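Scroll down for the structure; my scribbles are underneath it.
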Amino acid sequence: MKLSNIQRFWISFVLAIPMLIQMLAMPFHWMMPGYNWIALITTTIIMAISALPYWKSAIAAFKKHSANMNTLVATGTAVAYFYSIFAMMTGRAVYFESAAFVTVFVLLGDAMEEKMHNNASSALGKLMGLQAKDAEVLRDGKFVKVPLDQVQVGDLIHVKPGEKVPVDGKILEGITSLDESMVTGESIPVMKKAGDTVIGSTINGNGTITFKATKVGTDTMLAQIVDLVKKAQTSHAPIQNLTDKISNIFVPVVMIVAIITFVVWYSFIGATFVQALLFAVSVIVIACPCALGLATPTALMVGTARSAKMGVLIKNGEVLQEVSDIDTVVFDKTGTITVGKPVVTDIVGDPTRVLTIAASLEESSEHPLAAAILDEAQAKEISPVKVDQFEAIEGKGVRANYNNQIAFVGSNRLLVDVNISQEMITRAKQLQKEAKTVVYVGLDKKIIGLVAIQDVPKTSSKEAITELKNRGLMTVMLTGDNERVAHAIADEVGIDKVIAEVMPNDKAQQIKKLQDKGRKVAFVGDGINDAPALSTADVGIAMGSGTDIAIDSGGIVLVQNDLRGVVRALDISKKTFNRIKLNLFWALIYNVVGIPIAAGLFAFVGFTLSPELAGLAMAFSSVSVVSSSLLLNNAKIAGEDTVQEPIK
Ligand SMILES: Nc1ncnc2c1ncn2[C@@H]1O[C@H](COP(=O)(O)OP(=O)(O)OP(=O)(O)O)[C@@H](O)[C@H]1O
Ligand SMILES: [Cu+]
Ligand SMILES: [Mg+2]
């Protein structure tokens with residue numbers, strides 16, 4: 001049977017109670033009958049079930065010629081324990097309580113960490129518990145209730161007012177509002193209609209919908225979020241390497257200091273062998289750097305869980321640490337700053353002719369601009385005609401044979417060797433200044449018209465960018481679109497710098513350029529075609545799209561398609577990382593101050609620490625570090641509109 005740290009703590013604690021009573025009774029000169037034997041037996045059990053793992057780890061480290069925190073715990077407890085056995089056999093005073101209490105106190109820190117871990121995962125468990133138990137699924141022409149695990153991709157599901165959406169899917173019929181706060185952190189219900197995606201475990205408002213299941217079981221968004229947060233919580237932050245390094249130097253140094261303490265007290269000051277030994281043991285115990293070991297993981301655990309509740313998924317500790325150094329945020333334009341749903345606003349030239357040619361060519365394109373043109377054609381009841389030799393020219397447009405003539409639709413980069421009227425050029429510039437993307441439609445080496453397409457900024461973009469600028473960050477827009485359009489949109493949302501007319505493949509290169517200038521860059525994109533840019537940046541922030549959050553290239557995934565998530569990600573990461581630094585500082589300071597006291601430097605003013613008091617002080621430092629991490633739950637984060645239930 002393997003005991004948990006919490007169990008080991010309680011067993012040791014209960015067993016140590018007789019020794020506690022004896023310690024408290026000491027000033028009254030009361031001696032527990034048979035105390036030595038009671039202490040021997042209880043301490044032996046405590047050593048066997050609670051201290052042994054520390055000893056084993058210390059021995060394993062010793063064999064590899066290294067030392068760790070357990071080396072200190074093991075040495076301290078072993079010295080006190082074996083000396084006491086020797087003392088008992090030779091009729092001297094015993095110090096079993098030192099060995100016992102130090103073990104209890106070290107375990108207190110470990111047990112607290114375990115408890116915190118359990119709570120964090122049960123909070124995640126609660127998130128999973130939000131799932132519906134069953135679903136009303138269409139089977140053999142009728143909607144019937146089936147258990148959740150029998151729902152399959154493609155099933156048609158009926159959701160009534162107030163019910164939970166069982167799995168992820170796409171609405172086929174009905175209009176409703178959904179409370180998605182449990183997944184996205186957004187407290188305002190979201191309107192949903194046919195064609196929109198729904199997320200499993202969200203709560204239906206007062207409409208009735210029928211939707212088609214697209215993701216079930218472990219593929220659902222909620223399952224993915226839980227998975228991601230779990231991984232993040234057990235991940236490593238680079239600053240931890242520093243902790244390990246400190247421990248590596250620290251432990252041998254402490255052992256030497258302990259030996260010096262013993263020698264000085266015994267040989268030079270003339271203390272008894274036992275007194276000198278106790279000073280040395282106190283030094284070893286108070287130096288135990290377990291608070292140092294708790295500083296990073298506990299803060300990481302709270303920080304990542306907290307951010308997940310706000311719809312910001314930070315993949316690991318390394319990302320969290322990187323984010324706190326960021327000084328530049330680069331945004332993709334389409335779909336990131338803008339809504340990503342471009343609409344045709346103006347047509348220059350013969351509208352029917354221009355749209356017919358444009359739509360015929362765009363039919364084979366997957367570009368968002370193509371979708372806008374096709375929507376417009378459909379609205380005007382213009383049907384595309386078949387073209388041949390279709391060719392997509394990346395970052396420029398499309399070309400094809402239209403009625404045996406070469407036709408193209410695209411940016412001004414395609415305007416080589418073609419005739420264009422001065423009037424068209426002027427109109428194009430004008431439209432671009434209105435933040436509209438101009439697409440030229442050419443036929444047989446002549447521009448026959450323009451299509452102006454607008455993609456408006458999201459309402460939240462300006463606020464988010466202002467917040468980022470308030471925090472002293474430089475904001476940059478990166479786009480394949482025309483310079484004038486890019487500037488018009490940048491001005492609208494307050495972006496500092498524009499890098500326009502960038503070929504899709506060069507986006508990563510542009511980020512590299514900024515990095516070469518010494519900038520620490522975060523790139524925000526939709527994760528669909530900006531994977532290279534996302535992975536080149538120091539931190540890649542991928543905007544969630546629909547129900548898919550398994551975006552590999554981003555270090556951070558925003559569940560909501562909203563730039564305010566970037567601000568939150570930044571704030572939480574900074575706060576968590578600062579907390580880690582504060583924790584480390586306290587853990588270190590505490591050892592620096594504690595060791596001289598334990599070594600008896602203040603004995604001349606009558607101030608000394610017995611090993612068990614040193615153990616108590618050490619436990620106190622662990623407890624304060626854990627509490628400090630928990631306080632992250634209460635830290636204020638910008639834009640947090642709901643009162644969050646803290647994760648303990
Ligand atoms: N299928 C297309 N139809 C019409 N024009 C196109 C097409 N593909 C590209 N273009 C032209 O090339 C330009 C650059 O395209 P690209 O895909 O690189 O960037 P974008 O989607 O406009 O902007 P962003 O980089 O912000 O996503 C577009 O602005 C447009 O003028
Ligand atoms: Cu410790
Ligand atoms: Mg694009």
Side-chain angles (χ1 to χ4, degrees), residues 9 12-32 35 39 42-43 46-47 50-51 54 69 72-81 83-84 87 93-112 254-255 257-258 261-262 264-266 269 271-292 294 586-627:
F9 167 75
S12 322
F13 180 75
V14 170
L15 284 168
I17 287 176
M19 287 179 270
L20 182 68
I21 294 172
Q22 179 56 58
M23 268 164 76
L24 294 176
M26 218 44 155
F28 306 103
H29 304 289
W30 176 77
M31 195 70 199
M32 189 182 287
Y35 174 77
T42 51
T43 307
I46 293 173
M47 293 300 112
S50 301
Y54 296 120
M69 179 196 112
L72 297 180
V73 179
T75 317
T77 51
V79 168
Y81 177 67
Y83 170 77
S84 296
V94 299
Y95 294 93
F96 285 117
E97 67 278 5
S98 295
F101 278 107
V102 168
T103 312
V104 170
F105 292 137
V106 174
L107 266 171
L108 175 64
D110 287 354
M112 269 189 76
V254 167
M255 296 305 253
V257 171
T261 303
F262 177 81
V264 169
W265 276 105
Y266 186 59
I269 305 179
T272 64
F273 178 81
V274 178
Q275 272 173 338
L277 194 67
L278 289 180
F279 277 126
V281 171
S282 289
V283 167
I284 291 173
V285 168
I286 206 157
C288 166
C290 56
L292 209 57
L294 292 172
W586 278 118
L588 273 177
I589 273 295
Y590 157 87
N591 281 332
V592 169
V593 174
I595 291 173
I597 299 176
L601 234 58
F602 299 97
F604 61 92
V605 286
F607 187 41
T608 59
L609 281 176
S610 61
E612 53 272 28
L613 272 181
L616 184 65
M618 185 233 9
F620 178 75
S621 80
S622 301
V623 171
S624 51
V625 161
V626 173
S627 315

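Keep in mind the model is a prediction, meaning the values are calculated, not measured.
- What you find for A614 and V285 is that their closest heavy atoms are C-CG1, 3.8 Å.
- The heavy-atom pair separating T43 from A99 by the smallest distance is CG2-CB, 4.2 Å.
- Of all heavy-atom pairs between A100 and M19, the closest is CB-CE, 3.6 Å.
- The number of heavy atoms from other shown groups lying within 6.0 Å of OH (Y35) is above 12.
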Would you check, one step at a time, whether the test side-chain contact (heavy atoms from CB on, under 4.5 Å) holds for F9 with V104?
CA-CA 6 Å; F9 167 75; V104 170; 3.8 Å; yes
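- Under the side-chain contact (heavy atoms from CB on, under 4.5 Å) rule, T75 has a single partner from V79, V73, T77, which is V79.
- For the atom pair F105 CZ and M618 CE, the distance stands at 8.0 Å (nearest 0.5 Å).
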>> Please determine whether side-chain contact (heavy atoms from CB on, under 4.5 Å) holds for the pair L20 and F101, giving the CA-CA distance in whole Å, both sets of side-chain angles, and the decisive distance to 0.1 Å.
In response: CA-CA 9 Å; L20 182 68; F101 278 107; 3.7 Å; yes
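- In this structure the side chain of Y81 never reaches within 4.5 angstrom of the side chain of I46, judged on heavy atoms.
- Put simply, the side chain of L72 reaches to within 4.5 Å of the side chain of M255, judged on heavy atoms.
- A side-chain contact (heavy atoms from CB on, under 4.5 Å) with P611 is found for exactly one of L616, L278, I284, namely L278.
- Not one N or O on the side chain of W30 forms a donor-acceptor pair closer than 3.5 Å with the backbone of L24.
- The environment of F13 atom CZ is sparse: at most 12 non-hydrogen atoms of other residues, nucleotides or ligands sit within 6.0 angstrom.
- Closest non-hydrogen pair, L609 versus S282, comes out as O-OG, 2.8 Å.
- For the pair I269/F279, no side-chain contact is recorded, criterion being any heavy-atom separation below 4.5 Å from C-beta on.
- To the nearest 0.5 angstrom, T103 atom OG1 is 11.5 Å from E612 atom CD.
- Minimum heavy-atom separation, L294 to S622: CD1-CB, 3.7 Å.
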- List the steps and the verdict of side-chain contact (heavy atoms from CB on, under 4.5 Å) for Y590 and V625. CA-CA 11 Å; Y590 157 87; V625 161; over 6 Å; no
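- Side-chain contact between M32 and P18 is present, with heavy atoms from C-beta onward closer than 4.5 Å.
- The two atoms that bring I286 and A598 nearest to each other are CG2-CB, 3.7 Å, heavy atoms only.
- Between Y95 and Y83, the two ring planes are tilted [angle within 30° to 60°].
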